[in-house]
Amino acid sequence: MKKSILYIAAIAASTQLFTSCKKQLDVNPRERILETSYYKTPSEALTSLISVYDILGNQSSGYLTKVNILSAGSDDHFAGGDSPSDIGDLQTINNYTLTSTSGAASHLWSKGFTGVYRANVFLQKVANAGLDDATKTRYIAEVKALRAIYYFDLVKLFKNIPLLTEVVEPNAMYDVVQAPADQVYALVIKDLTEAIPNLPPTVPAASQGGRLTQGAAHAVLGKVYMWQQKWAEAAAEFALVNGPTPGASQYGYKLLANYADLWNVKNKFNSESILELVYNTTSDMGWGTVGSREGNVMSILVGPRNYVPVNAALAPDYISGWSFLPFTKDFFDLIHFDPRNKATVANLDSLEKAGIVTYKHAYANTGYFIEKYAGRVSTKAGSGQLELNFGQDMYEIRLADTYLLEAESLLKSGAAVGAGTKAYTMFNAVRARVGLNPLPVTMDNIMRERRLELAAEGHRWFDLVRWGLAPTVLAGKGFKAGRNEIFPIPERELANSKIVQSKEWGGTK
Amino acid sequence: MVLFAQDITVTGKVTDEKDGTPLPGVTVKQENAAKAVSTDAEGRYSIQVPNGAKLVFRLVGMAPKTVTVTSTTLNVFLSADTRDLTDVVVVGYGTQKKSVVTGSISSVKAKDLESMPINRVEQALQGRTSGLTIASGNGQPGSSSTVRVRGYTSFASGGNNDPLWVVDGVIVDNGGIGYLNQADIESIEVLKDAASQAIYGARAANGVIIITTKKGKVGSINVNYNAFYGTSAPAKRLNLLNATQYATIRNESAANSGLPQPYANPAALGEGTNWQDQVFNDDARRQTHEFSISGGSEKFTIYSSFGYIDQDGIVASPISKWNRANVRINSTYKPAKWVTIGENLGYSHAVNSSLGNTNSEFGGPLSSAINLDPITPVVETNPNLINKSPYTIANTLRNADGFPYGISPIVGQEMTNPVAYMQTRLGNYSWDHNIVGNVFAEIEPITNLKFRSTLGTKVAFYGGDSFTPLFYLNSSSKNDKKSFYREINTVLNYNWENTLSYAKNFGKHHAFIILGQGYYMDNNTRSLNTTYQNIIANNFYEANLNYDPGTANKLVGGSDGTLHVVNSLFTRVTYDYDEKYLFTGIMRRDGSSRFGTNNRFGYFPSFSLGWVPSKEGFWKENNVVNFLKIRGGYGVTGNDALGDFRYVSLVSSGRNYTFGTTDQSVIGWSPAALSNPDLKWEETRQTNIGFDATLFTNFTLSAEYYKKKTVGVLQTPDIPLYVGAAGGPTQNVGDMENTGFEFELGYRKKIGELNLGINGNISFLKNKVTRLLPGKAFIEDNAQSFQTMGNFTRTGLDRSFNEYYGYDMLGIFQTQAEIDSYVGPGGTKLQPNAKPGDIKYANLNGDEAINSSDRTFLGSPIPKYTYGLTINLAYKNWDLVAFGNGVGGNQIFQGLRRLDVTYANWQTKILDRWTPGNPSTTMPRIVESDPNGNYIKFSKLYLEKGDYFRLKTLQVGYTLPQRISNKVGAQKVRVYLMSENLWTITDYTGYDPEIGGTVLGVDRGVYPQARSFMVGLNVGF
């Protein structure tokens, strides 16, 4: 009897061995949120909107940005760096030896399509987020304008791209085909046109600086028309941005009195800024998080290498940087006696000759570095990795650019450009700002003025291509006509998909 | 009884060979006959057998003896069984007699580890058993080792190849195993094949290492003390150029580049600075103390120990040292015959200061010492220079006399004056407290039916404090804001296991079954850190958190670990018939919080069989093969290191931007990588066949062959970038194979008063990736890279894990004509920028250029074979132990010189460079900016053979005669002299050929292991 009790006890004890709860294996995901339960509240909708903005100033983990890629390919800069292989993807742009495996092409392609994807996700999910109508309308307008900006860059850079207005289902990933460039432009124009009425004319700079405004969307639309050579439409858009006379813009845009103030980090969202790429000093970017935080890496990239301020009193407070994108001697000679020289070019060559500083003469050194957004002791982050957390903003579009574009589009459309005309006034307002005498409005003058005014801001390469001058001006760098006007579609996109390489790069599209 | 005419009566006495005591109960049997008698209490026997017959003498624990009868008196000596067949082996949730084990399990016992200069348990395993590849990550005291059991099972990005560590039944994470006091180890069992590993199921694919700590034994009380004290020094220094040689090479480099000569008079520079002398310490001290008490009675056993180790590093000693204190108490209590309760508890507290960069080309004292030019002085005393830049820059560091530490004007970046660098890290330290243990209760309601419940836990607290002073070391390495950083982390893991076991023996059948259930929770970690900036302290010892620098100067950060939960059921059946026919079968079901919703539970079965032919009737007793067991098995195990939540669609933050002038990020969220609800464990299926034998009485031999196939290695396919999603869905699509042979051979012999024991083992391993994502021929996950060279390893289909991948160096161009005639099929010069003295690379794809498409596999960092050898000698009161291990068949990558620091120093190898007068075929010319890419292109110029044999331990001891030790009340007093890493045979020219890591054998200036000499004392009471 006793034994059977023990047997029963043993069996009872053993049954508890067989309990196993599947539920026990479910672990609290904490900060990981299920996609199915997200996008339900207004604050979640805002975070989704922010993810679309994230791509605007996007930098790759390999330090590539749209501005430095296009600058390396232009006649104003060499790629630079410490050696012929430093940031190889910039070097191959500089020498025009890039192929379809170029990391620069990959970055530009991937950046654009990530932006498009996030915009499409937003548009798909925003309906259920409980936003009030006014906010919803504005958010949708911002997202459409951003999508238009991303597609505009993609079609300029690659020409033959897929046109996706909805999120691609996983089982349809490999069925996507490219669309004719005209269709892309049509969508861009449609998105901008739909967005413009619903964007605010201005935003409070302190809290919303950097968000899309009506003026910014008009400016982008104007550039789109320029690329399509629709000069009259372009001029009309720029007129809306610039106003009837300089400083009379309905959006309050005005040229700054002092050219150098444009790059003062205390001067964010000034009256000349139309679309600004915003960075900050507090995101704690580290060597392992390059590109996924909010510091501006251009500041360290363009600084002189091994910079030593020998004469502490006279030496500027540059931070020792990585010597990328030095200006060419050719460009320096052009700007040398222009009033914008000091604010554009950091002339380490003459400082060194005067014994005030020493610096390393690194690869492709000319002694002329970018001054505009070079990292400085006075602007460095309070904490975190020094090199990676500069809060310098960059201009995607500013007023001087739209003034010059209005003049150019008026000239190209056949309008009058003599003294007293709109074109003449706008063109020379840019010159007058830096104290230069007026000049007649001719393509040569406009081209030179753009080169001097907007140096190192990522415009030069696009300008040369749209003027058709790239094959001649950039021949010395290796630019091949009928090939380098666009970038190759990244090789990995062609595998197992319906995407075909552009014919400029050996494909059939 | 019929007495045949030839029968005689044989009588005699059987005694113990060691001390002559008589042996009762010895079975005396005529060979191949049924007749048998036993010895009486005085060891005497009497048996009638034919003259010339053979008599077999057997006693448990003694080696059997067979003697031919030649007279009527036959006295026999029996000695202790050298076959250790009564040894017991831990098999996971139980033990088995070694003679009936059917799986592949290697053991290391406490007596092998006594008084060894071991700090961590990985060192206890290195070279002592077959099947393991162990390499220390670096030689800094307290650093961990990479342990691989029978190769690699995962090549996934961030994949896990570390074995599962189990200490007294508690699973301890691989990163935390360093807490264990090696003196507490009773035995270590390595479960190498799936037949034995399956009992640990989804986490066992990389091998299971079971550690059992010492327990009290019934009987008298044992008190033991062991201590040793000694000094360490580097075994080897690199041959670097001195100042004159450096200047000469620099001049030649400039000349070859068409630049002016930088040094007008190299000879005047003399020897210059020997930076290695500044960082190495030739007399770093170390000491170890181990004290233990154990004892027990029928009701109560206890083992308690205290340990302390203190070791200074041989590189930058002021900022490289480690000490650890351990306390352990293991006890059991039997309140009644059928109940046992007990606990095992180990506590450890370690404090260490670390260099930071122990194997990196990006700075740190060693990398700086290798790369800095010898012209820069350690301290600048020249009055003409100390008042000039850079010494006038604020925060340059000065020595005690006020002279500034030398700053090199030509070598910069992270290469800084190591003596000055040390000053910036003085005082910084990390600490940890670890408590690992369990409590258990076992009841035996019916004989042989046991129910056991165990609750195990690991509680750990660890963190560090560091102070960053103001300093200017060079234009890239400087800090102008004082700050103090403190980090605290907590870990609380626990598990709960219940087992029910039953043993049934009927006749010659022995059966044993165990049913178990387990619940495990780990990775329950929390971290907090804070930084106070702009504090008033000037050094570490003044810094603390009591000074409030204002809110703007206080920064915080933290993180939480994601819980990992495993829920298991398992069973094992063991059966043997007469210890001749053996069978073990295991089934385990594991569910893990990491598995996809469609694959929540996995089943891991195994079986193994054994046959002991030497016990068979037909087996004639002979003195050649005394014992033979043939065994084989097959099983399935898993690897559940999958990352968390990959099976469900998530949204992630971090898609941030900035609005306005707030200078703060605004947080953005968007969908994360695509999910895969079918995600499951990486599965390994292993077959193992082997045999164990005792030969010629004194030899033990074990040999096996295994084949491991892993399927379902995690790979994330690339999705097209135009989809725009954050990443593709992780899938189980890769396969890998490991095959190998292992041999273990031991020899024991007593020749008069000399006891000799030799043990050796050797393992051969071949690793191969057999499947990748469709269309892919290689992956570069876990690839190693070196600065601008990019990745120099690659995992290729049908090749092993991360082999070296680079250019094929054909030789050196000797003449311009050679360069001009080296053309592609279309006539284009393949290396137009080359000059005589540059490397000629093979045009492997036959096109018109030498570029990254012309690369191939150059060798493997994984050793083809590893081996170990132990020699034990004892003669009267003297003893000697020599232990060595080695590897062969691997290559080491030596990347010591920075590619982007043009004027970095060189090793003296460079003196053999190509010049018109020295037509080298292996060392290219020296030229600035390297237009041909001799150094930027990875080729065999960077590889060296990694074969080595290292005499790891050599110990000579003398045990004081009993009468002397009795005077101090001790039972045994032994003094010994010991050397660690006395001698390394290798062709490798770097500091140390043993380099661990995700990919083995990558030397970026690895902190070498030290050679130590120590004197020690054992006392036993």
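Chain identifiers are assigned alphabetically (A, B, ...) following the order of the sequence lines, protein sequences preceding nucleic acid strands; residue numbering begins at 1 within each chain. Because only heavy atoms are used, hydrogens play no part in the values below, and waters and symmetry mates are left out as well, while side chains stay in. It should be emphasised that the depicted structure is a prediction, and the values quoted were computed from it without experimental measurement.
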Item to check | Of A:Thr282, A:Thr281, A:Asn280, the residue whose pairing with B:Asp663 passes side-chain hydrogen bond (donor to acceptor under 3.5 Å, both in side chains) | outcome: A:Thr281
Checklist entry - What part of A:Val121 is in contact with chain B, defined as an atom under 4.5 angstrom from a non-hydrogen atom: side chain, backbone, both or neither? => result side chain
Checklist entry - Looking at side-chain heavy atoms only, is the closest gap between B:Asp480 and A:Lys380 below 4.5 Å? => result yes
Next on the checklist: For A:Val278, is there any backbone N or O sitting under 3.5 Å from a side-chain donor or acceptor partner on B:Tyr657?
Outcome noted: yes
Checklist entry - Which answer fits A:Asn306, side chain, backbone, both or neither, if we ask what part of it has an atom under 4.5 Å from a heavy atom of chain B? => result both
Next on the checklist: Would you say NZ of B:Lys478 has more than 12 non-hydrogen atoms from neighbouring residues, nucleotides or ligands within 6.0 angstrom?
Outcome noted: yes
Next on the checklist: If I measure from the heavy atoms of chain B, does A:Ala312 come under 4.5 Å with its side chain, its backbone, both, or neither?
Outcome noted: neither
Checklist entry - For A:Lys266, is it the side chain, the backbone, both, or neither that has a heavy atom closer than 4.5 Å to a heavy atom of chain B? => result neither
Checklist entry - Heavy atoms, side chains only, cut-off 4.5 Å: are A:Val176 and B:Pro720 in contact? => result no
Checklist entry - Do other residues, nucleotides or ligands put more than 12 heavy atoms under 6.0 Å from B:Lys450 NZ? => result no
Next on the checklist: Is the shortest side-chain heavy-atom distance between A:Ile50 and B:Phe659 below 4.5 Å?
Outcome noted: yes
Checklist outcome for this item: So, the part of B:Ser389 with a heavy atom under 4.5 Å from chain A: the answer is side chain
Checklist entry - Considering only heavy atoms, which portion of A:Glu276 lies under 4.5 Å from any heavy atom of chain B: side chain, backbone, both, or neither? => result backbone
Next on the checklist: So B:Tyr722 and A:Glu493, do their side chains get closer than 4.5 Å, heavy atoms only?
Outcome noted: yes
Next on the checklist: Exactly one of B:Pro671, B:Ser670, B:Ser652 should register a side-chain contact (heavy atoms from CB on, under 4.5 Å) with A:Glu35. Which one does?
Outcome noted: B:Pro671
Item to check | Contacting moiety of A:Ser207, where chain B heavy atoms sit under 4.5 Å | outcome: backbone
Checklist entry - Is a side-chain donor or acceptor of A:Arg492 paired with a backbone partner of B:Ile719 at a separation under 3.5 angstrom? => result yes
Next on the checklist: At a 4.5 Å cut-off on heavy atoms, which part of A:Leu56 comes close to chain B: side chain, backbone, both, or neither?
Outcome noted: side chain
Item to check | B:Asp900/A:Arg305 salt bridge by N-O under 4.0 Å criterion | outcome: no
Item to check | A:Tyr363 versus chain B, the contacting section by heavy-atom distance below 4.5 Å | outcome: neither
Next on the checklist: Rounded at 0.5 Å granularity, tell me how far CD in A:Glu294 sits from CG in B:Asn656.
Outcome noted: 5.5 Å
Checklist entry - With distance as the sole test, does A:Tyr279 use its side chain to make a donor-acceptor pair with the main-chain N or O of B:Thr658 at under 3.5 Å? => result no
